[in-house]
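Below is one structure, written out as structure tokens, with a few remarks after it.
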2 protein chains.
Amino acid sequence: MKSTEPACQYELKAARDAMEVIQGKWRIPIVIALTYGVKRFGEIQRDIPDISPKMLSQELKALEENKLIMRKLYDSMPVAVEYSLTPLGLSLQNLLVELRNWGKHFRKEIISSSD
Amino acid sequence: MKSTEPACQYELKAARDAMEVIQGKWRIPIVIALTYGVKRFGEIQRDIPDISPKMLSQELKALEENKLIMRKLYDSMPVAVEYSLTPLGLSLQNLLVELRNWGKHFRKEIISSSD
DNA sequence: CCGAATCCTGTTTGATACTG
DNA sequence: CAGTATCAAACAGGATTCGG
């Protein structure tokens, strides 16, 4: 065989699918915030100090569309909304662990060595 | 304790560091292409059919700056250049595996269920 | 063959203010 | 409290052309 690629196109697509879902500045922080339990809009906003309400709203919506999180509306007065991880969102844990592990490894290699 | 966040700021930063390095449309494909061995510019370009030379050049440079790949220049005529993964680049394998696993899981859950 | 340079477009992100 | 609306800035990505 001349090229090594054709056999792995499916694997590559899976990796890119995953990236699409978690890519961006805020999705990982939001998911991590919610791994500590159900939270309300304002709580998440306090946990991620420099996110704007617009971005938070927008990214929550995207995560909900991908079924990583659940939005529960309480029709009280004033309204209350609670966000939580779905099973699919929880299934990200292994990936998040690897992400953190590699992130630490990277810092050791890069920050210490040169640069 | 009232907030769950302060303790995990370091973990969060590690995850974001990792994301910054692998984020974007082309870095994962490039790294995956190079896991099959040393390759030249044109080979990588053929392995990733829809990448433009500009993007390939730009992303190779970024990956090199982060020490994930190595660039070796052969001063022949015409010049030849070979790219390969560094140990740090190779250390991404576990993360890539998780990325693919979760990507597949995600497709099963999403594509099949509704959407 | 391996890019660099330039120009251009669309998306992402952000600051700020406002609403039910 | 939980967002929306608006505007502006930044960035990613693409098309094309050029050079050693």
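Labels below follow one simple rule: chain letters A, B, ... track the order of the sequence lines, proteins then strands, and each chain is numbered from 1.
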Show me the protein contacts with nucleotides 18-20 of chain D, counting only N or O atoms at under 3.5 Å.
none

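Side-chain contact check for A:Lys54 versus A:Gln58: some heavy-atom pair is nearer than 4.5 Å.
Nucleotide C:dT16 holds its P atom 14 Å from the CG atom of A:Asp50, rounded to whole Å. Across the protein-nucleic acid pair, A:Gln45 atom CD and D:dC1 atom P stand 9 Å apart, rounded to whole Å. Remark: P of C:dG3 and CG of B:Leu63 are 13 Å apart, rounded to the nearest angstrom. Across the protein-nucleic acid pair, A:Ile48 atom CD1 and C:dT13 atom P stand 13 Å apart, rounded to whole Å. Atoms CD (A:Glu64) and C1' (D:dG3) sit 14 Å apart, rounded to a whole Å. Whole-Å rounding puts the B:Glu20 CD to D:dC11 P distance at 12 Å. Spacing between atom CG of B:Leu56 and atom C1' of C:dC1 amounts to 13 Å, rounded to whole angstrom units. Between A:Met77 atom CE and C:dG20 atom P there is a gap of 12 Å when expressed in whole angstrom units.
Within the cation-pi definition used here (under 6.0 Å to the ring centroid, within 45° of the axis), A:Arg107 does not qualify as a partner of A:Trp102.
The CD atom of A:Glu109 sits 7.0 Å away from the OG atom of B:Ser91 when rounded to the nearest 0.5 Å. With rounding to the nearest 0.5 Å, the separation of CG in A:Leu60 from CD in A:Glu64 is 8.5 Å. Within the model, atoms CG of A:Leu34 and CD1 of A:Ile44 stand 4.5 Å from one another, a figure rounded to the nearest 0.5 Å. With rounding to the nearest 0.5 Å, the separation of CG in A:Leu85 from CD1 in A:Ile32 is 10.5 Å. In this structure, NZ on B:Lys72 lies 7.0 Å from CD on B:Glu82, to the nearest 0.5 angstrom.
Between A:Gln23 and A:Arg40, the residue anchored nearer the 5' end of DNA chain D, judged by the nucleotide with its closest heavy atom, is A:Arg40.
Among the protein residues, B:Tyr83 comes within range of the sugar-phosphate backbone only, with heavy atoms under 4.0 Å from sugar or phosphate atoms but none that close to a base. As judged by a 4.0 angstrom heavy-atom cut-off over every strand, B:Ser57 is placed among residues touching the sugar-phosphate backbone only.
Listed nucleotides C:dT13, D:dA2, C:dC2 differ in distance to B:Val81; the shortest reach to its side chain belongs to C:dC2. Among the nucleotides D:dG13, C:dA4, C:dT13, the one closest to the side chain of B:Lys61 is C:dA4. Minimum atom distance to the side chain of A:Pro53 is reached by D:dG3, of the listed C:dC2, C:dG14, D:dG3.
The shortest heavy-atom contact between B:Lys67 and B:Leu88 is O-CB, 3.6 Å. Here the closest non-hydrogen pair linking B:Ala14 and A:Lys104 is CB-CG, 3.9 Å.
B:Lys54 has no side-chain polar atom (N or O) that falls below the 4.0 Å cut-off from OP1 or OP2 of C:dC7. At the phosphate of C:dG3, OP1 or OP2 sits under 4.0 Å from a side-chain N or O atom of B:Arg71. In this model, the phosphate group of C:dG14 is approached by a side-chain N or O of A:Trp26 to a distance below 4.0 Å at OP1 or OP2.
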Original post:
Is there a side chain to side chain contact (heavy atoms under 4.5 Å, CB included) between A:Tyr83 and A:Arg40 once you walk through the steps?
Top reply: CA-CA 6 Å; A:Tyr83 293 93; A:Arg40 303 181 48 177; over 6 Å; no
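From one end of the helix from C:dC1-D:dG20 to C:dG20-D:dC1 to the other, with five pairs defining each end axis, the axis direction shifts by 50° (rounded to 10°).
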